[in-house]
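Each remark here refers to the structure printed beneath this line.
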Amino acid sequence: MTAIRSVVLGCGSYLPERVLTNAELASRIDTSDDWIVQRTGISERHIAADDEFTSHLAIKAAQAALAHAQVDAQSIDLIVLATSTPDNTFPATAVAVQHGLGINHGVAFDLQAVCSGFVFALATADNFLRAGTHKRALVIGAETFSRILDWDDRGTCVLFGDGAGAIVLEAQQHSGTTSDRGVLTTHLRSDGRHKAKLFVDGGPGSTRTVGYLRMEGREVFKHAVGMITDVIVDAFNATGFTAEDITWFIPHQANKRIIDASAHKLHIAPQKVVLTVDKHGNTSAASIPLALSVAVKDGRVKKGDLVLFEAMGGGFTWGSALVRW
C-alpha cells in the first residue's frame, strides 16, 4: 500500500535589516531589558522598513526556499501564504508573491490563522497535494506586525517583530508508513469564545480602520500550554510516536516561558527544542519557518529527522504538524 506524502524539498527565510533592541525600547517606554527578557526571553526583533511590505518579505523568503530546494519557481503550482498583515485588504498578498516570482499559472491565496497560520497553511497545502490536484507548493509565513502595534503599550509592543519564512513541498509516492519522509499528520483547532483575549481592534468591516493588537497576556499564557499540548498528544496518538521519538521540537516562538512549560509538560528534552524568540521576537505566522530555517542552516535538522511543529494564535486557533525531514 502506498500513499502520497508532502515532502519538504527546502526552506528559506528573510529578516528586515533593522534590529530593534530592548535597550532602544526602554528609551521610549517604561520598560527595561531585564523586564522583557525575564518575562519573554526576547532580546531583540527585526522591523520592516517603511517601504518594505509583507509581500516583499515573503518573496525573499520564497526565493531562498526555492534556491535551497534547487527547484525553479515555474515548477510551483500552489502558493499558500499565512499572514495577518496583508499588503492590502484585497487582493491576497499571495498573488503579489506569485507575480513577484514570475509565476502566472496555478493558484495562490492567503490564509489567516494569526500565529497558528504556518501550521494551518502547511496542513492546507498538504491536503491539496495529497488530493492529487497539485504537485509542488510554496508554504509561506510572512508578517509585518510592527504595523499593527500600539507602541505605547509595553505589554504588546515589546513582543513582536517582522519577518518571513517559507518551505517548498512536493507530492511524492511513499510507502504509507510513519517511516516515510514528509508530512505525517496535522491537527488543527479553533475556539472563538476566546476572541477578546487576543485580537486587533479594527477592520474594514467594523471600524474601517486597521486597528491595533490587543492582548490579555495572562489569559493567553493560561490557555496556551494546555491547548498546545492537546494537539501534540493528538499527533502522537495518530502516529504512535512519543516525545522520546521526536528529534526536534520547533514551536511557535511567542514566549520562552510558554515554550519551556509546554516542552516540560510533554516531557520533551530541552536540548531538542529550537529557540529563536530571543533574536526574532514573536513573528506570528513567520516564526516557525524562521526557526526551522535557522536549525536547517546550522546543521541541526537533517534528513530523516522527526520534526514537531506547534502553534497557538488569536481566535483562539492552535495546531500541530509532525514531519519527517
Side-chain angles (χ1 to χ4, degrees), residues 1-8 80 82 111 113-131 139 167 169 171-194 220-254 258-274 285 287-289 291-292 295 301-313 315-325:
M1 184 176 179
T2 61
I4 296 176
R5 296 289 193 192
S6 303
V7 176
V8 182
V80 185
L111 184 150
V114 201
C115 297
S116 304
F118 181 77
V119 174
F120 275 57
L122 176 61
T124 301
D126 175 50
N127 279 290
F128 271 86
L129 296 183
R130 288 192 296 108
V139 179
I167 61 172
L169 285 179
Q172 296 182 3
Q173 286 285 346
H174 281 266
S175 65
T177 70
T178 55
S179 64
D180 293 346
R181 288 187 64 209
V183 179
L184 300 180
T185 191
T186 60
H187 300 268
L188 309 178
R189 301 275 183 83
S190 63
D191 188 342
R193 291 176 297 174
H194 303 288
V220 173
F221 186 94
K222 185 173 72 175
H223 286 84
V225 176
M227 289 176 169
I228 288 166
T229 54
D230 183 34
V231 287
I232 291 174
V233 170
D234 286 347
F236 289 160
N237 289 339
T239 58
F241 289 121
T242 68
E244 291 184 359
D245 299 310
I246 300 303
T247 315
W248 296 107
F249 178 41
I250 306 183
H252 167 50
Q253 307 288 312
I258 293 175
I259 295 170
D260 290 345
S262 301
H264 178 75
K265 185 173 181 179
L266 290 159
H267 304 292
I268 297 175
Q271 61 267 27
K272 293 183 177 183
V273 182
V274 175
S287 77
I288 289 176
L292 171 66
V301 175
K302 301 178 179 65
K303 185 176 179 180
D305 284 354
L306 195 59
V307 183
L308 175 63
F309 302 132
E310 65 77 12
M312 175 193 163
F316 286 147
T317 62
W318 65 105
S320 67
L322 196 54
V323 179
R324 188 172 298 281
W325 197 252

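Values in this document were obtained by computation on a predicted structure and should not be read as measured data.
- Considering CG of Asp234 and CG of Leu188, their distance stands at 10.5 Å, rounded to 0.5 Å.
- Under the rule for a side-chain hydrogen bond (donor to acceptor under 3.5 Å, both in side chains), Thr247 has no partner lying at least two apart in sequence or in another chain.
- Taking every heavy atom of both residues into account, Ser6 and Asp126 meet most closely at OG-OD1, 2.7 Å.
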inquiry  = I'd like to know whether Leu169 forms a side-chain contact (heavy atoms from CB on, under 4.5 Å) with Val8, so could you lay out the CA-CA distance, the side-chain angles of the two residues, the decisive distance to 0.1 Å, and finally the verdict.
reply    = CA-CA 5 Å; Leu169 285 179; Val8 182; 3.7 Å; yes
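- To the nearest 0.5 Å, atom OG of residue Ser179 and atom CG of residue Leu184 are 9.0 Å apart.
- The aromatic rings of Phe316 and His194 sit parallel, their planes meeting at an angle under 30°, below the 60° perpendicular limit.
- Considering every non-hydrogen atom in both Ala291 and Gln253, the closest pair reads CB-NE2, 4.1 Å.
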Please tabulate, one pair per line, all N/O donor-acceptor pairs under 3.5 Å involving side-chain atoms of residues 261-268, not counting sequence neighbours.
unit_1, atom_1, unit_2, atom_2, d
Ser262, OG, Ile258, O, 2.8

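- Ser320 places no side-chain N or O within donor-acceptor distance of the main-chain N or O of Ala235, the cut-off being under 3.5 Å.
- In terms of the salt bridge (Lys or Arg N to Asp or Glu O under 4.0 Å) criterion, residue partners of Lys222 (sequence neighbours excluded) are, by chain and number, Glu219.
- Proximity of a side-chain donor or acceptor of Glu310 to a complementary backbone N or O of Val119 within less than 3.5 Å is not detected.
- Residue Ser175 holds its OG atom at 13.0 Å from CZ of Arg181, rounded to the nearest 0.5 Å.
- Applying the side-chain hydrogen bond (donor to acceptor under 3.5 Å, both in side chains) test to Trp318 and every residue at least two apart in sequence or in another chain returns nothing.
- The two residues Lys272 and Ile246 come nearest to each other via the heavy atoms NZ-O, 2.8 Å.
- Here the side chain of Asp305 pairs no donor or acceptor atom with the backbone of Val307 at under 3.5 angstrom.
- Atom OG1 of Thr317 sits about 8.0 Å away from atom CE of Met312, to the nearest 0.5 Å.
- Checking side-chain atoms of Asn127 against main-chain N and O of Thr124 turns up no donor-acceptor pair under 3.5 Å.
- For Ala3, there are no side-chain contact (heavy atoms from CB on, under 4.5 Å) partners, not counting sequence neighbours.
- Not a single side-chain hydrogen bond (donor to acceptor under 3.5 Å, both in side chains) links Thr178 to another residue, sequence neighbours left out.
- In summary, the side chains of His252 and Ser287 do present a donor paired with an acceptor at a separation below 3.5 Å, with no hydrogens or angles considered.
- With contacts defined as side-chain heavy-atom distances shorter than 4.5 Å, the pair Val7/His174 qualifies.
- Scanning both residues, Phe241 and Phe236, for their nearest heavy atoms gives O-CB, 3.1 Å.
- Remark: side-chain polar atoms of Thr185 are not paired, donor with acceptor, to backbone N or O of Leu322 under 3.5 angstrom.
- Atom CZ of Phe118 and atom CG of Leu292 lie 6.5 Å apart (nearest 0.5 Å).
- For the pair Leu111 and Gly117, the tightest heavy-atom approach, listed with the atom from each and the gap, is CD2-O, 3.9 Å.
- The shortest heavy-atom contact between Ala121 and Val80 is CB-CG1, 3.7 Å.
- Counting only distance, with no hydrogens or angles, the side chain of Arg324 and the backbone of Gly182 share no donor-acceptor pair below 3.5 Å.
- Taking CD of Gln173 as the start and CG of Asp180 as the end, the distance is 10.0 Å to the nearest 0.5 Å.
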